[in-house]
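What follows is a single structure, written as structure tokens, with notes after it.
Throughout, residue positions are numbered sequentially from 1 according to the sequence presented. Only a predicted model underlies this, so the values are computations on that prediction, with no experimental measurement involved.
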Amino acid sequence: MGAASSTEAEREPLLVPAPIGTTNSQPVNSRVYGRRWLVLTQFSLLALMQGMVWNFWGPIQNSAIKAYGFTKSDIAVLVLWGPVGFFPWLLFMWLMDKRGLRASLLLSAFFMLLGSVMRSIPLTDLHLRRWLIHGGQFLNGLAGPTIMSAGPFLSTTWFAPDQRATATAVASLFSYLGGAASFIVGPLIVPAPNDSQTSTTTAAPLSFTFIRSRIQMVLYAELAVIAALFATVLIYFPSRPPMPPSVAAASQRLSYRSSICRLLSNFRFLMIALAYAVPTGVIAGWSGVLDMVLTPANVSQVDAGWIGFWSIVGGCVVGVAMARFADSIRGMLKLILVLMLAGASLSSTWFTLTCLSTITHLPVTAAILYTSCILVGVFINSSVPIFFELFIETVYPVPEGITCGVVTFLGNLAAGLLLFFLTFYPTNLSWLNWCVTGSCLFSLVTVLFFRESYDRLYLDVFVSV
């Protein structure tokens, strides 16, 4: 309650492993609380809004260019602020490790609120307005390290072992769902500039003002929702329950410094981290400028929005279903990832070759573009919670927040590099599609050679018996 941080006593582990050679005669007292669903809902809704704000400008790039004088490079930079916000990730992971999830989430929500205020200031000076929009996008990006990394930490802290993967999927994928919502909210509310070209000559000069007013309306709405969510987290968001839900949640963890050293020296972790970071980072950057990618194929702004929407929503639905399956049949994470990445490799190759129809002579129809593009997003986005669970199992007892902080930083670094190059080559984007295909194939081969282990699962299944 309130903004007070947890005390040292509250942060002490509730269960310390018994010395080697002794048995633990005391049963582990564990309990799950109904309030865990409230905590998960608060976190997930913040993740939803963070994703919506990050992906706001890409789906309406044609409207933003006309209304505010942005260039295509500016649109790429607006998307780039999301990955840039991950550079101070070590600070947020330290805060989460030392002060708990509440302190880290409050700070992230405050950055989101301040960024939304900056974006919503209705200045008439377009040059200054563009700077404020850039600043607001950067502040929203600073919320990314906590929003995109803390899902597994929250699920371990609050949920029983047979619900952990599902809770991880919900907490991790709502940020993607926010990006999907922006594909629909933006193009449906903000008209494309070509919509006004069919109107009369006298109405055409008013179109830019009307487009700007519609954009402003969406900015105000997002600000109101973020302010309400910040207030709810400020009023009630406990860092941990009174009693742990499992043995793993109560066990002793490594210190912050020891965790970083172990992660960076663990070859198996670095191997699977790259298998996650490369395709998810590339897909994130690619989907952020999907309208630009599909424009040469004569796909409208609204249609591109629907393609992006269904690719992410499909990934979220399949991701939750696969996580529920992983909760039911444990020890199958690698097999699930291999199947998902194989599907991503095939669908991305199909999409890339279809976009090169002048060379490959493959048929180009709306159905083919929809299907291949949506399948890419479904397979990659649904793999995120499975990757997260495999990370935690691989490096346990490293804290979940630190582990996922490292891998999400790597993923955003990949997305940032892709968008950085896009600012120099914003015209012919066929190379971007090949990056998507190559990243999926790289991840598939890496996962095939990865040797999986389930240290946390072993603790929960055997030690708690």
Side-chain angles (χ1 to χ4, degrees), residues 36-51 54 82 86 89 92-93 95-97 100-109 112 143-180 229 233 237-241 245-246 248-249 253 272-273 276-277 280 284 312 315-324 326-327 333 337 380-396 398-412 456:
R36 69 190 187 279
W37 300 111
L38 174 61
V39 172
L40 179 62
T41 300
Q42 289 175 292
F43 182 89
S44 300
L45 290 178
L46 271 175
L48 178 80
M49 293 309 302
Q50 202 269 344
W54 167 74
F86 265 78
W89 65 276
F92 288 93
M93 297 307 100
L95 185 63
M96 190 187 306
D97 183 58
L101 181 57
R102 173 181 171 79
S104 184
L105 190 64
L106 266 177
L107 180 61
S108 300
M112 290 174 58
T146 299
I147 294 295
M148 299 186 68
S149 306
F153 177 70
L154 184 149
S155 66
T156 299
T157 304
W158 285 92
F159 287 84
D162 61 348
Q163 297 176 339
R164 268 198 309 242
T166 305
T168 296
V170 173
S172 304
L173 291 177
F174 256 70
S175 178
Y176 294 82
L177 196 60
L229 290 174
V233 173
F237 190 92
S239 289
R240 61 191 298 179
S246 65
R253 300 306 180 91
I272 195 67
Y276 162 84
T280 55
I312 298 177
C316 293
V317 172
V318 174
V320 173
M322 288 295 100
R324 193 63 199 144
D327 275 332
L333 298 178
L337 283 178
I380 291 298
N381 293 329
S382 62
S383 70
V384 171
I386 306 301
F387 265 118
F388 278 3
E389 287 296 302
L390 189 57
F391 294 144
I392 305 304
E393 297 289 352
T394 301
V395 300
Y396 186 85
V398 176
E400 292 83 357
I402 296 176
T403 302
C404 295
V406 172
V407 296
T408 51
F409 169 74
L410 293 176
N412 278 269
R456 183 183 61 170

Closest non-hydrogen atoms of P245 and P161, given as atom of the first, atom of the second and distance, are O-CD, 4.2 Å

Test item: V233 and L46 side chains (from C-beta on) under 4.5 Å apart, heavy atoms | yes

Between S149 and F86, the two heavy atoms sitting closest are OG-CE2, 4.4 Å

Contacts of W158 meeting side-chain contact (heavy atoms from CB on, under 4.5 Å) (sequence neighbours excluded), chain-then-number -> R35, R36, V39, L154, P238, P241

When every non-hydrogen atom of L95 is compared with those of S104, the smallest separation belongs to CD2-CA, 3.7 Å

Contacts of L177 meeting side-chain contact (heavy atoms from CB on, under 4.5 Å) (sequence neighbours excluded), chain-then-number -> L48, F174, V313, C316

Examine distances only and state if a side-chain atom of N412 and a backbone atom of T408 form a donor-acceptor pair shorter than 3.5 Å. yes

Heavy-atom closest pair (G405 atom, M93 atom, distance to 0.1 Å) is CA-SD, 3.6 Å

Ring pair (Phe, Tyr, Trp, His ring centres under 6.0 Å) filter on F159, not counting sequence neighbours, yields W37

Worksheet entry | P152 vs S172 side-chain heavy atoms within contact, under 4.5 Å | yes

Residues at least two apart in sequence or cross-chain that pass ring pair (Phe, Tyr, Trp, His ring centres under 6.0 Å) with W89, listed by chain then number, are F409

Heavy-atom closest pair (R324 atom, Q163 atom, distance to 0.1 Å) is NH1-CA, 4.2 Å

Interatomic distance, CE@M112 vs CD1@I147, rounded to 0.5 Å, equals 6.0 Å

### pair C404-I392: side-chain heavy atoms closer than 4.5 Å
yes

| query | Is there side-chain contact between R164 and S246, with heavy atoms separated by less than 4.5 Å? | reply | yes

Here the salt bridge (charged side-chain N to carboxylate O under 4.0 Å, His left out) pairs for residues 380-392, sequence neighbours left out, are E389-R456

Contacts of T280 meeting side-chain contact (heavy atoms from CB on, under 4.5 Å) (sequence neighbours excluded), chain-then-number -> Y276, I380, V384

Interatomic distance, OG1@T403 vs CG@L390, rounded to 0.5 Å, equals 11.5 Å

If you define the side chain from C-beta out and look only at heavy atoms, does anything of T156 sit under 4.5 Å from T168?
no

- [ ] Quick one: sort the F387 and F391 rings into parallel, tilted or perpendicular, breaks at 30° and 60°.
- [x] parallel

Rounded to the nearest 0.5 angstrom, the CG-CE distance for L333 and M322 is 12.0 Å

Between A47 and A171 the two heavy atoms that sit nearest each other are CB-O, 4.3 Å

